[in-house]
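Lettering follows sequence order; numbering is per chain, from 1. This one's a predicted model, so the numbers in the text were calculated from it and none came from an experiment.
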Amino acid sequence: MKQELEQLLLASLGKLTGSVLAQMPAPSAVVVERTRDNQHGEFATNLALRLAKPAGRNPRELAAAIVAALPASPLLARAEVAGAGFINFHLAPEAYARELAGIHALGTAYGESRLGQGERVLVEFVSANPTGPLHVGHGRQAAYGATLANLLTAVGFEVAREYYINDAGRQMDILAVSTWLRYLGLCGEELPFPQNGYRGDYVHPLAHKLKAAAGEQLRRPAVSVLANLPADAPAGDKEVYIDALIARARELLGTDGFREVLELSLAEMLADIRNDLGEFGVVFDHWSSERALADSGAIDHALAVLESRGRLQRRDGALWFRATEFGDEKDRVVVRENGQKTYFASDIAYHLQKRERGFARLIDVLGADHHGYVARVRAGLIAMGQPGECLEATLIQFVSLFRGAEKIPMGKREAQFVSLRQLREEVGNDACRFFYLMRSHEQPLDFDLELAKSHTNENPVYYIQYAHARVASVMKQLASRGLSFDRDAGLSAAGMLGSAQEQAVLSSLTRYPEIVEQAAVNRAPHALVHYLRDLANAFHTYYNAEAFIVGETALRNARLALVLGVQQVLRNGLTLLGVSAPQSM
RNA sequence: GUGCCCGUAGCUCAGGCGGAUAGAGCAUCGGCCUUCUAAGCCGAGGGUCGCAGGUUCAAGUCCUGCCGGGCACGCCA
């Protein structure tokens with residue numbers, strides 16, 4: 001509807017160009033908005049106010065000229081000039097009826113558009129290190145990323161969902177050592193557990209798996225493990241200690257033995273993460289591995305590209321990327337003095353690889369603590385000849401858990417953090433996804449477990465689902481009274497839907513495509529949450545104001561066509577959010 | 001110290017590219033179940049949009065400064 005009105009305005013401007021207007025304004029200048037107050041009609045535009053100054057015209061006169069030149073349309077009852085020079089559009093009664101028929105005809109496809117024109121977008125999200133279970137912060141990123149990907153798909157982008165696995169480097173070694181030490185404990189060896197090891201309970205099942213797979217073959221006496229190690233914290237340095245322990249494990253197990261421990265730990269952790277996300281309704285198209293990236297030569301390739309463009313410099317024995325020339329605040333090391341490539345090197349190589357795989361736009365969903373990362377990766381992309389705008393980062397603010405008014409302490413190191421799985425088991429997937437998406441991602445989230453679990457009117461989750469279930473209930477009631485619904489009759493009688501509540505429902509209903517577009521373009525899934533609440537509110541109000549199952553057949557069919565339209569849109573919206581749309585509650 | 005984000009009703013938060021009288025939920029108070037699910041509806045009270053300037057027909061929205069809060073700034077991963 002909005003788009004059609006914008007087309008009408010463009011046609012009008014076309015007619016005025018050359019006479020009233022010196023030149024044709026850009027199509028992007030034509031913006032139609034919903035009105036806040038329906039005294040002003042359903043839609044309005046400030047077009048004349050915006051054009052008045054450059055055209056050297058009085059805004060009201062210009063508005064009147066635009067209205068006069070407007071082509072006739074079945075959509076419009078009338079357009080009028082108001083206020084300082086607004087143009088208000090009053091819809092024809094058939095306009096809503098036509099849109100309602102569209103909802104019934106399109107079904108699950110209602111709300112989709114071709115805005116994205118098939119542009120390929122890669123949404124990378126979660127990408128948590130596979131060194132422990134996902135926590136509640138990852139859960140927010142998972143819910144956000146999955147819904148953003150759904151929204152972008154709905155508006156016509158070709159979207160790939162990707163998880164980047166940081167499976168190279170020291171953190172994996174620490175995980176392997178942690179598993180091995182727990183395994184040695186199972187074998188009966190008595191050893192202290194390192195301060196800097198992964199102390200969480202989840203390591204124990206890894207050790208059991210290892211014992212089942214390897215028996216006692218990886219067992220080494222505690223004395224040989226501990227011989228001549230530096231002191232652990234607090235007396236010594238926990239970083240130095242863990243590195244010595246890793247070296248010792250390699251020495252005692254051999255390269256193959258150590259790798260066996262590491263591979264098993266990694267595979268188990270990844271399986272756990274994948275399973276957790278799958279249960280949460282978050283599914284990825286690709287799991288991209290950092291090790292595979294290195295093995296494929298992609299990092300060397302990226303460094304070669306930088307080298308060939310003269311962006312690298314050797315300094316103090318290390319190889320530096322001159323990032324400051326591309327907007328970063330300092331230069332970055334890509335190869336350390338000891339010959340090891342840095343994390344940064346694999347990050348830019350990974351992003352270059354994404355581009356080379358054919359993605360026009362790269363969206364990284366990151367935790368808020370990663371904001372420094374964006375400028376340097378973008379600098380890397382530009383230096384490698386890629387457009388800087390292709391990379392877009394959405395920073396997701398942190399989650400605090402509350403049980404009522406009491407804040408739950410979190411901290412990975414203390415091993416008492418709340419995992420996503422625990423959260424899901426306690427409050428359920430629907431409430432979980434809803435609460436994660438309820439607030440703007442730019443806003444820190446206070447997640448109240450008591451509220452999410454409560455089945456009372458304080459809990460906003462059920463409000464929307466209830467509206468959906470109520471429609472299902474009405475249809476059951478209809479059948480039990482021996483009546484049936486005639487959709488075509490209902491749609492052709494839609495002109496009877498003239499009450500204030502019916503108009504409010506229709507108005508809200510027909511906004512859905514605008515909301516989907518807005519939520520996708522602004523990367524703002526919470527806009528959809530708020531919209532669905534508003535639609536549910538309009539529906540509940542209507543429900544309380546009028547009986548749908550009335551004696552008069554035409555009116556009954558029209559009302560049922562309307563509430564079934566509401567149900568369809570609620571279901572479409574909830575599906576984008578990853579929340580279920582129940583038939584009964 | 002430098003950079004990014006945030007500051008709107010008692011609480012938690014929406015406010016599209018600047019637009020008409022700044023909105024929801026919760027909480028508080030008052031109503032609505034012999035009728036399609038009361039997990040619902042209707043009504044009332046509640047605001048110096050952190051502060052001070054600036055830009056203009058128009059500022060919660062844009063710009064500058066200040067105050068307050070969060071986060072990040074390694075040849076770590």
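- Here A:N88 lies in heavy-atom contact (under 4.0 Å) with a base.
- Ring geometry, A:Y542 versus A:F548: the interplanar angle falls from 30° to 60°, so the pair is classed tilted.
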Please produce a list of atom pairs where a protein N or O lies less than 3.5 Å from an N or O of nucleotides 41-43 of chain B.
| unit_1 | atom_1 | unit_2 | atom_2 | d |
| --- | --- | --- | --- | --- |
| B:rC41 | OP1 | A:Y463 | OH | 2.2 |
| B:rC41 | OP1 | A:N537 | OD1 | 3.3 |
| B:rC41 | O4' | A:N544 | ND2 | 2.9 |
| B:rC41 | O3' | A:T541 | OG1 | 3.2 |
| B:rC42 | OP1 | A:T541 | OG1 | 2.9 |

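- Taking the syn range as angles within 90° of 0, the glycosidic angle of B:rG16 is syn.
- Applying the 5.5 angstrom centroid cut-off and the 30 degree plane-angle cut-off, the aromatic ring of A:F86 is stacked upon the base of B:rA20.
- When A:E42, A:E80, A:H40 are each tested for a side chain to side chain donor-acceptor pair (under 3.5 Å) with A:H90, only one passes: A:E80.
- Using a 4.0 Å cut-off between charged side-chain N and carboxylate O, A:R523 and A:E392 make a salt bridge.
- Stem regions for RNA chain B, each three or more consecutive Watson-Crick or G-U pairs with both distances under 3.5 Å and listed by first number, read B:1-7 with B:67-73, B:10-13 with B:23-26, B:28-32 with B:40-44, B:50-54 with B:62-66.
- In this structure, a donor-acceptor pair under 3.5 Å is present between the side chains of A:S346 and A:E290.
- Nucleotide B:rC33 is shown with a syn base, its glycosidic torsion being within 90° of 0.
- Among the heavy atoms of the strands lying under 4.0 Å from A:E546 is at least one base atom, whether or not backbone atoms are also near.
- Proximity of A:V136 to A:L401: side-chain heavy atoms (C-beta onward) are separated by under 4.5 Å at one or more points.
- Using a 4.0 Å cut-off on heavy atoms, the residues of residues 509-527 of chain A that approach RNA chain B are A:Q518, A:H526, listed by number.
- For A:Y436 and A:F447, the distance between ring centers is under 6.0 angstrom.
- Among the atoms of the strands shown, only primed sugar atoms or phosphate atoms (P, OP1, OP2) are found under 4.0 Å from some heavy atom of A:Q443.
- Surrounding CD of A:Q313 are more than 12 heavy atoms belonging to other residues, nucleotides or ligands, all under 6.0 Å away.
- For residues 536-550 of chain A, every residue pair satisfying the salt bridge (charged side-chain N to carboxylate O under 4.0 Å, His left out) rule, not counting sequence neighbours, is listed here: A:E546-A:R559.
- A salt bridge links A:R250 and A:D173; the closest N-O separation between the charged side-chain nitrogens and carboxylate oxygens is under 4.0 Å.
- With respect to A:R378 and A:E389, no salt bridge is recorded, no charged nitrogen being found less than 4.0 Å from a carboxylate O.
- Of the N and O atoms on the side chains of A:R336 and A:Q340, at least one donor lies less than 3.5 Å from an acceptor on the other residue.
- Across all strands shown, A:S584 has heavy atoms under 4.0 Å from base atoms, whether or not it also approaches the sugar-phosphate.
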Which pairs, protein N/O on one side and nucleotides 57-63 of chain B N/O on the other, fall under 3.5 Å?
| unit_1 | atom_1 | unit_2 | atom_2 | d |
| --- | --- | --- | --- | --- |
| B:rC57 | OP1 | A:K53 | NZ | 3.3 |

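- The shortest distance between side-chain heavy atoms of A:F435 and A:V461 falls below 4.5 Å.
- There is no side-chain donor-acceptor pair under 3.5 Å between A:D364 and A:H370.
- Aromatic ring centres of A:H540 and A:Y463 lie closer together than 6.0 Å.
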Sugar-phosphate atoms are those with a prime plus P, OP1 and OP2; base atoms are the rest. Using that split, label each nucleotide of nucleotides 67-77 of chain B B, S or - for protein heavy atoms under 4.0 Å, 5' to 3'.
----BSS-BSB
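- With respect to A:R511 and A:E517, no salt bridge is recorded, no charged nitrogen being found less than 4.0 Å from a carboxylate O.
- Salt-bridge check for A:E450 with A:R403: passed, with a basic side-chain N closer than 4.0 Å to an acidic carboxylate O.
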